[in-house]
Amino acid sequence: MPRLPNYEVVIHIIVSEFSAGLVKEIESISEEFELDESTEYNGRRDYHWTFNNWEVAIAAGEKFKHLVQNPNLIMLRVKANYDPTIKAVSHKDLVRPFC
């Protein structure tokens with residue numbers, strides 16, 4: 001079973017005719033990051049970027065932060081998968097109520 005990355009930035013977007021600009025902006029911002037996974041399902045796309053330390057993950061999340069104004073972005077979260085002392089930073093999370 002594959003292991004989750006230690007630290008990651010996760011974005012979920014709604015895929016529609018109006019999200020093309022958002023996708024381009026996400027891809028432009030994230031060129032320097034290591035994309036771990038991106039999947040599309042049920043009209044949504046998620047992105048997961050891998051980081052080796054918390055500080056770099058936090059800085060990456062900050063680069064995306066201005067996108068939370070876009071209604072097609074429904075989640076932006078920075079999280080540590082194995083360190084229970086680090087609380088995830090959710091810049092936007094409209095996904096949880098629908099899970």
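Residue indices begin at 1 and follow the sequence shown.
A distance-only check finds a donor-acceptor pair linking the side chain of S30 to the backbone of I26 [under 3.5 Å]. In terms of modelled atom types and a separation under 3.5 Å, the side chain of N42 and the main chain of R44 share no donor-acceptor contact.
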**OP:** Evaluate the side chain to side chain contact (heavy atoms under 4.5 Å, CB included) criterion for residues E8 and K79: first the C-alpha distance (whole Å), next the side-chain angles of each, then the deciding distance (0.1 Å), finally the verdict.
**Re:** CA-CA 6 Å; E8 64 182 326; K79 61 184 194 156; 2.9 Å; yes
Subject >> Test log, rule side chain to side chain contact (heavy atoms under 4.5 Å, CB included), inputs V89 and R77 >> reply: CA-CA 6 Å; V89 176; R77 180 179 299 139; over 6 Å; no
**OP:** Starting from the C-alpha separation in whole Å, work towards a yes-or-no answer on side chain to side chain contact (heavy atoms under 4.5 Å, CB included) for K92 and L73.
**Re:** CA-CA 8 Å; K92 185 174 185 178; L73 189 143; 3.9 Å; yes
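Nearest heavy atom pair, residue A60 against residue F33, reads CB-CZ, 3.5 Å. Across G61 and L76, no two heavy atoms sit closer than the pair O-CD2, 4.0 Å. Closest approach of R45 and V23 over heavy atoms only: NH1-CG2, 3.4 Å. Here the shortest heavy-atom pairing between I74 and P71 reads CG2-O, 4.1 Å. Counting all heavy atoms, side chain and backbone alike, P5 lies closest to Y82 at O-CE1, 3.8 Å.
E62 contributes atom CD, which lies 4.5 Å from atom NZ of K65 (distance to the nearest 0.5 angstrom). Interatomic distance, Y41 OH to D46 CG, rounded to the nearest 0.5 Å: 4.5 Å. From I13, atom CD1 reaches atom CG of L22 across 5.0 Å, with rounding to the nearest 0.5 Å. Rounding to the nearest 0.5 angstrom, the gap separating the CD atom in Q69 from the CG atom in L67 is 9.5 Å.
Side-chain atoms of M75 and V10, non-hydrogen and from C-beta on, do get closer than 4.5 Å to each other. For the pair F51/N6, no side-chain contact is recorded, criterion being any heavy-atom separation below 4.5 Å from C-beta on. I11 is listed as a side-chain neighbour of F64, based on a closest heavy-atom distance under 4.5 Å. Contact annotation: the side chain of H48 never approaches that of L35 to less than 4.5 Å [non-hydrogen atoms, C-beta and beyond].
Note on ring orientation: taking the six-membered ring where Trp is involved, the planes of Y7 and W54 are tilted (angle from 30° to 60°).
In this structure, V68 is a member of the same hydrophobic cluster as I29, with clusters built from ILVMFWY side-chain heavy atoms closer than 4.5 Å.
In summary, of the residues considered (T50, V78, V56), a side-chain contact (heavy atoms from CB on, under 4.5 Å) with V9 occurs for V78 alone.
In this structure, a donor-acceptor pair under 3.5 Å is present between the side chains of E25 and H66.
The number of heavy-atom neighbours closer than 6.0 Å to CG of N52, taken from other residues, nucleotides and ligands shown, is 12 or below.
Two rings, from Y47 and W49, have their centers less than 6.0 Å apart.
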